[in-house]
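Here the structure is laid out as structure tokens; the discussion comes afterwards.
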Amino acid sequence: MPELPEVEVVRQSLDKKIRRKTVKKIIVRNRNLRIKLPKNFASIMKNQKIIKIDRFSKYIILHLSGGKFCLFHLGMSGTIHILLKKKKNFITNSSFYNTPILPKKHNHIEIIFKDIKVIYNDPRRFGFFQILDNSFLLKKRLSHFGPEPFQSKFNLNYISSFFKKKQKNIKNFLLDQNFVSGIGNIYASEILFFCKINPIKEVHLLQKKELKKIIINSRRVLVNAIKKGGSTIRDFKNTSGKKGNFQKDFKVYDREGLRCKRKSCEGIILKKVITNRSTFFCNYCQKN
DNA sequence: AAGAGGCCCTGATAGC
DNA sequence: TGCTATCAGGGCCTCT
């Protein structure tokens, strides 16, 4: 599920529901996540007030009242479910992104507040939760990441100097979090469609004009996706509730063999595997 | 140093 | 129906 827009939508939901609330209890069912959950995770979190909920790239950061930070990532298959307490029971709050019916399996962590529960579900366990003891360590943890597309640091100078002496194709770079943070496999294809750039084009061949397009369209695609509530694909079976809507706007992703959506374009969407990730593009308007 | 490839893990789906 | 193979929204590590 989660690229930057989906994570941002989760952040917004959490911000509405748990900011200024105090953790009453933590339930840990499985510590074997991508990074092993520290043994003292529950004791650190307990009685902490959530001061602020930030996001950087695909990471969410909970600012805790004691000065520590809880950073988490949803990996490929992680979802956050928000349950509200009604009388004695917690029930699903379907008005928030990705909180339809709670799956029965893989609910690894529960963060319980007085009247609300936040549940982290993740079948593949590529996600993780970490505690950072202070802002210095938090900063250090995120220091190797490139800027988000929205940041002014993501500009023409930055991109062209980054691309010097580089051999890889542009699709690979959009996925490279050291270059730019937050773009994943879906939005990389979508962004290149708007730029009319072939995903296998080597970055040293890109013209100034094209680099500008990459900046503009990275921002445009992500902003749009956030507005639409993110994308929901391959949703859990037998669930209902609020999903993202951006998947309806996909121009190329998962559209192999279909007609290009660009007006008066005769092209067909092709799928090509680039370093093990499916990549979609129009054979006509993204020829070069 | 940059780039390719493997690996972590479960579940859905396609093909036989 | 039931097997096996393939693929999936990410990112880290190792090897060359």
Side-chain angles (χ1 to χ4, degrees), chain A residues 1-10 29-37 55-60 71-80 97-98 103-108 120-130 141-146 148 161-192 199-204 221-222 225-226 228-239 243-257 271-280:
Chain A
M1 173 261 306
E3 300 183 33
L4 185 151
E6 292 74 32
V7 178
E8 173 58 20
V9 174
V10 170
R29 296 205 178 78
N30 192 346
R31 291 177 50 222
N32 298 311
L33 309 178
R34 174 70 206 258
I35 298 171
K36 188 140 187 163
L37 193 75
R55 178 194 55 72
F56 179 75
S57 184
K58 306 169 191 173
Y59 296 81
I60 287 181
L71 172 141
F72 66 90
H73 192 290
L74 298 172
M76 288 271 253
S77 57
T79 48
I80 291 292
Y97 176 71
N98 239 330
K104 290 192 174 67
K105 291 168 77 177
H106 310 301
N107 293 314
H108 307 310
Y120 159 67
N121 181 286
D122 190 355
R124 293 174 76 180
R125 285 184 278 121
F126 288 171
F128 58 83
F129 282 64
Q130 277 183 302
R141 173 70 178 79
L142 300 171
S143 63
H144 67 282
F145 288 105
E148 291 187 352
S161 63
F162 200 100
F163 284 173
K164 289 235 169 75
K165 295 184 191 168
K166 299 278 167 50
Q167 295 295 321
K168 281 194 298 182
N169 58 65
I170 181 60
K171 163 72 180 340
N172 265 327
F173 272 107
L174 290 182
L175 289 185
D176 181 350
Q177 306 296 303
N178 298 317
F179 167 58
V180 59
S181 291
I183 298 172
N185 200 42
I186 290 179
Y187 297 115
S189 284
E190 294 298 308
I191 290 163
L192 290 172
I200 59 168
K201 189 161 182 176
E202 299 268 313
V203 289
H204 60 89
V221 168
L222 297 187
I226 292 169
K228 299 258 166 140
S231 308
T232 308
I233 63 172
R234 280 174 273 282
D235 207 352
F236 295 108
K237 236 178 171 176
N238 302 321
T239 62
K243 298 172 186 176
N245 274 313
F246 192 76
Q247 65 280 5
K248 293 170 194 156
D249 280 14
F250 287 166
K251 303 289 184 196
V252 289
Y253 187 83
D254 214 11
R255 297 194 67 248
E256 186 184 16
K271 172 174 158 178
K272 187 179 172 63
V273 176
I274 300 177
T275 42
N276 277 319
R277 310 299 298 274
S278 293
T279 308
F280 300 86

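Here the structure is a predicted model, which means the values were calculated and not measured.
More than 12 heavy atoms of other residues, nucleotides or ligands shown are found within 6.0 angstrom of NZ on A:K166. Shown here is A:N178, whose CG atom has more than 12 heavy atoms of other residues, nucleotides or ligands within 6.0 Å.
Considering only side-chain N and O atoms, A:H106 lies nowhere under 4.0 angstrom from the phosphate OP1 or OP2 of B:dC9. Listed pair A:S278 / C:dA8 meets the phosphate criterion, a side-chain N or O lying under 4.0 Å from OP1 or OP2. Distances shorter than 4.0 Å separate none of the side-chain N or O atoms of A:K168 from OP1 or OP2 on B:dA4.
Each of A:N172 and A:R125 lies near DNA chain B, and the nucleotide nearest A:N172 is the one positioned closer to the 5' end.
The aromatic ring centroids of A:Y120 and A:F72 lie 6.0 Å or more from each other. Two rings, from A:F163 and A:F179, have their centers less than 6.0 Å apart.
An aromatic stacking contact between A:F126 and the base of B:dC9 is absent, as defined here by ring centres under 5.5 Å apart and ring planes under 30° from parallel.
When the C1' atom of C:dC7 is taken as reference, atom CD1 of A:I274 falls 17 Å away, rounded to whole Å. For the pair A:K164 NZ and B:dG3 C1', the computed distance is 20 Å after rounding to whole Å.
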Would you write the dot-bracket representation of DNA chain C, where each base gets (, ), [, ], | or . depending on whether it forms a Watson-Crick or G-U pair under 3.5 Å and with which partner?
.|||||||.|||||||
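With sequence neighbours left out, A:K251 forms a salt bridge (Lys or Arg N to Asp or Glu O under 4.0 Å) with no residue at all.
For A:G78 against A:P2, the heavy-atom pair with the smallest separation is O-CG, 4.3 Å.
Between A:K168 and A:D176 there is a salt bridge, since a side-chain N of the basic residue sits under 4.0 Å from a carboxylate O of the acidic one.
No side-chain donor-acceptor contact under 3.5 Å links A:Q130 and A:Y59. Defined by atom type and a distance below 3.5 Å, a donor-acceptor pair is present between the side-chain atoms of A:N185 and A:K171.
Comparing the P positions of B:dA1 and C:dG11 gives a spacing of 23 Å, expressed to the nearest Å.
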What one-letter contact string describes nucleotides 11-16 of chain C from 5' to 3', where B marks a base within less than 4.0 Å of any protein heavy atom, S marks contact via sugar-phosphate atoms alone, and - marks no contact?
BS----
